[in-house]
Amino acid sequence: MASMDDVFARYEKRLAVLEKSNNPFTKGIAWVEGELVPLAEARIPLKDQGFMHSDLTYDVPSVWDGRFFRLDDHMTRLEVSCAKMRMKLPLPREEVKDILVDMVAKSGIKDAFVELIITRGLKGVRGHTPGEEFKNNLYMFIEPYVWVMDPDVQRTGGSAVVARTVRRIPPGAVDPTVKNLQWGDLTRGLFEAADRGATYPFLTDGDANLTEGSGFNVLLVKDGIIYTPDRGVLHGVTRKSVFDVARAWGIEGGKLGPITKKIWDGYWALHYDPKYSFEISYAVVNGTLSNGTGKAAQGILQNGAATLG
Ligand SMILES: Cc1ncc(COP(=O)(O)O)c(C=O)c1O
């Protein structure tokens, strides 16, 4: 796959630049109660119900090559999840987006994992008065891109098992369309996969239907058709992107190899499509460019802001 080599080669170049950086935020930046701190120093209050009871929802948009990818899709899913949990985004959506863009710019991270967590807050639901307002908490952090499957493994393929010792928690217990961190079943799946010499567990619903894995949706290509579970799973943005690429390419037939390649190429092409992503203007932080090189490339500094190549 020529385009896979190209996508990864360019990513590795950007990563090498990041790793040389002396910007204190290159390893990660967190927003906690309005303060920006290096990710390793970020703390949460012990009594936060997100920590005490996993009473939270979250979402994980990404930045690829300096462009936020499908940020509005993630924000919409997060708001829907909050509504299902009877919680609210503590700040207006546009303000949250602006803070995230600012954080990415300050970090200089071109390929980023971005996490937003909304928790019930310090007060729990047990013992509350009906109709009582909770003060929900928002936490956000950004760190270098996290792969579910490392680039090197993607070149050849990973190993998965259908878990036997654990099933996915049923939707009647925990709604999987609300992105959540109640990972007991998914963690057990990861251990079972490792015990069986694999990396990725696919969990069933206990009735032989596939659901999803530990932090990923499952899509199968069989006889030229893409199959994916609809029930008992998070409606993932990656899964949705696969649908968008498949629709655009009119994929109906073909063999597994060509379809996977088309989807893979199309998926990364979406990251540069203004319909799906927008470019971040990386800021000058304390007089140095946030790419951490400390050097401004000639001709790109304008009005105190810079776009880095
Ligand atoms: C359980 C589960 N399913 C699926 C996904 C994939 O979702 P997305 O493609 O939106 O990242 C995730 C991501 O964290 C997940 O935790």
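Computed from a predicted structure; not experimentally measured. In this chain, residues are counted from 1 in sequence order. Just follow the structure's listing: the first ligand is 1, and inside any ligand the first atom is 1.
With no hydrogens or angles considered, no side-chain donor-acceptor pair links T177 and R77 at under 3.5 Å. For the residue pair T211/R168, the side-chain donor-acceptor check at 3.5 Å is not satisfied. In summary, the side chains of K84 and T57 do not present any donor paired with an acceptor at a separation below 3.5 Å, with no hydrogens or angles considered. Looking at W147 and Y11, their side chains do bring a donor and an acceptor atom within 3.5 Å of each other.
No more than 12 heavy atoms of other residues, nucleotides or ligands sit less than 6.0 Å from atom CZ of F191.
For the residue pair R70 and K240, the shortest heavy atom distance occurs at NH2-CE, 3.9 Å.
Within ligand 1, counting atoms from 1 as listed, the ones closer than 4.0 Å to a heavy atom of Y58 are 14 (O), 16 (O). If you number the atoms of ligand 1 from 1 as listed, the ones under 4.0 Å from a heavy atom of G236 come out as 7 (O), 8 (P), 9 (O), 10 (O). For ligand 1 and F216, the ligand atoms under 4.0 Å from any heavy atom of the residue are 2 (C), 3 (N), 4 (C), 5 (C), 12 (C), 15 (C).
A donor-acceptor pair under 3.5 Å is formed between the side chain of S214 and the backbone N or O of L186. Put simply, the side chain of N137 never gets that close to the backbone of T119: no donor and acceptor are under 3.5 Å apart.
In this structure, R77 counts as a contact residue of ligand 1, since one of its heavy atoms falls inside 4.0 Å of the ligand. Using 4.0 Å as the threshold, K240 has no heavy atom nearer than that to any atom of ligand 1. Under a 4.0 Å heavy-atom criterion, V60 is not in contact with ligand 1.
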**Report entry** Stepwise side chain to side chain contact (heavy atoms under 4.5 Å, CB included) test for V218 and Y200
**Finding:** CA-CA 10 Å; V218 176; Y200 303 99; over 6 Å; no

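Of the listed options S241, S214, G215, G215 places a heavy atom closest to atom 12 (C) of ligand 1. Here the shortest heavy-atom distance to atom 8 (P) of ligand 1, taken over D73, T177, V237, V242, belongs to V237.
Considering both main-chain and side-chain atoms, R168 never comes within under 3.5 Å of ligand 1 through any nitrogen or oxygen pair. Polar contact with ligand 1: present for K179 (N/O pair, distance under 3.5 Å).
Using a 4.0 Å cut-off between heavy atoms, T238 contacts ligand 1 through both its backbone and its side chain.
For atom 6 (C) of ligand 1, the nearest non-hydrogen atom of the protein is N217 OD1, 3.7 Å. In this structure, the protein non-hydrogen atom closest to atom 5 (C) of ligand 1 is L234 CD2, 3.6 Å. Looking from atom 2 (C) of ligand 1 to the surrounding protein, the closest heavy atom is E212 OE1, 3.4 Å.
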